[in-house]
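Start at 1 and go down the list; that is how both ligands and their atoms are numbered. Everything quoted here is computed from the prediction, not taken from an experiment. Quick note: numbers below take in every heavy atom, side chains included, and nothing from hydrogens, waters or symmetry partners.
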Amino acid sequence: MKKIAVYPGSFDPITNGHIDIIERGLRIFDELVVLVAYNPNKASLFTVQERMDLIHEVLKESVHDWERVRVDSFAGLLVDYARNTGAGVILRGLRAVSDFEYEFQMALINRRLNRDVETVFLMTGYKWFYTSSNLIKEAASLGGSVRGLVPDLIHRKLQEKFAKK
Ligand code: ADP
């Protein structure tokens with residue numbers, strides 16, 4: 001049986017921290033689904049389609065085993081998506097202490113909703129400890145360079161987005 005894990009997030013946009021989790025997840029699981037989980041009522045910088053396209057392009061460019069990664073989007077209950085995909089694991093990355101409480105709650109509610117799905121956490125790579133899509137957007141919107149924290153393609157796309165605003 002193939003071990004499939006779903007890696008959900010907003011990925012608005014994908015950062016080097018996310019890529020690190022994907023690469024390491026591929027060492028553990030046979031297949032990864034990077035899931036752009038979105039809330040239609042929540043504002044985002046990139047559309048769901050843009051985020052998916054960017055994830056695709058970035059993975060092709062920088063992840064050796066990208067053929068084992070699928071990119072999808074979903075607005076419903078995560079455990080339902082996992083069940084329908086045959087995924088037994090939800091993969092999440094953990095950064096600072098501040099991530100912990102929220103992630104703990106999410107893991108517990110998801111387990112309550114479906115006991116067959118386990119949440120697995122990977123500790124962030126130390127280089128990406130303070131990298132979050134939100135901080136990246138904030139810095140880029142004020143003209144700060146986020147080179148090195150995101151792939152070059154994302155850096156360019158952020159510059160384009162904020163030049164238009
Ligand atoms: P963010 O919290 O940056 O907006 P997402 O909602 O897209 O990111 O996060 C998806 C998952 O990836 C979450 O489990 C989050 O903790 C994890 N993640 C995000 N950034 C990093 C990082 N720099 N290192 C490790 N995991 C991360």
*Asks:* Which residue holds the protein heavy atom closest to atom 8 (O) of ligand 1, what is that atom called, and what is the gap in Å?
*Replies:* H18 NE2, 3.3 Å
*Asks:* Report, in ascending order of atom number, the atoms of ligand 1 lying under 4.0 Å from any heavy atom of P8.
*Replies:* 10 (C), 11 (C)
*Asks:* Salt-bridged, D20 to R24, with N to O below 4.0 Å?
*Replies:* yes
*Asks:* Measure from the side-chain N and O atoms of S133 to the backbone N and O of P13, and report whether any donor-acceptor pair falls under 3.5 Å.
*Replies:* yes
*Asks:* Shortest non-hydrogen contact from P40 to A75?
*Replies:* CD-CB, 4.5 Å
*Asks:* Residues two or more places apart in sequence or in another chain: which of them pass side chain to side chain donor-acceptor pair (under 3.5 Å) with D30?
*Replies:* none
*Asks:* Check ligand 1 against G9 and write out every atom of the ligand that is under 4.0 Å from a heavy-atom position of the residue.
*Replies:* 6 (O), 7 (O), 10 (C)
*Asks:* With no hydrogens and no angle check, is any side-chain donor or acceptor of K3 less than 3.5 Å from a backbone partner on V89?
*Replies:* no
*Asks:* Judged by atom type as modelled, is there a donor-acceptor pair below 3.5 Å linking the side chain of R95 to the main-chain atoms of T131?
*Replies:* yes
*Asks:* Only heavy atoms of F11, strictly under 4.0 Å: list the atoms of ligand 1 that pass.
*Replies:* 7 (O)
*Asks:* Of the protein's non-hydrogen atoms, which lies at the shortest distance from atom 3 (O) of ligand 1, and what is that distance?
*Replies:* S133 N, 3.0 Å
*Asks:* Please find the pair of heavy atoms, one from E103 and one from L94, that lie closest to each other, and give the distance.
*Replies:* CG-CD2, 3.7 Å
*Asks:* Going by distance only, is there an N or O of N134 that falls short of 3.5 Å from an N or O of ligand 1?
*Replies:* no
*Asks:* Go through ligand 1 atom by atom and flag the ones less than 4.0 Å from a non-hydrogen atom of S10.
*Replies:* 4 (O), 5 (P), 6 (O), 7 (O)
*Asks:* May I ask you to identify the nearest protein heavy atom to atom 2 (O) of ligand 1, giving residue, atom name and distance to one decimal place in Å?
*Replies:* R95 NH2, 3.0 Å
*Asks:* With atoms numbered from 1 as shown, which atoms in ligand 1 lie under 4.0 angstrom from a non-hydrogen atom of S132?
*Replies:* 3 (O)
*Asks:* Could you tell me the residue and atom name of the protein heavy atom closest to atom 15 (C) of ligand 1, and the distance to it rounded to 0.1 Å?
*Replies:* G93 O, 3.6 Å
*Asks:* So which heavy atom on P151 is nearest to which on I19, and how close?
*Replies:* CG-CD1, 3.5 Å
*Asks:* Can you pull out the closest protein heavy atom to atom 17 (C) of ligand 1? Residue, atom name and distance to 0.1 Å, please.
*Replies:* Y7 OH, 3.6 Å
*Asks:* For ligand 1, is any non-hydrogen atom under 4.0 Å from F129's backbone (N, CA, C, O), its side chain (CB onward), both, or neither?
*Replies:* neither
*Asks:* Please state whether M123 comes within less than 4.0 angstrom of ligand 1, counting heavy atoms only.
*Replies:* no
*Asks:* Closer than 4.0 Å to some heavy atom of I21 - which atoms of ligand 1 meet that?
*Replies:* 25 (C), 26 (N)
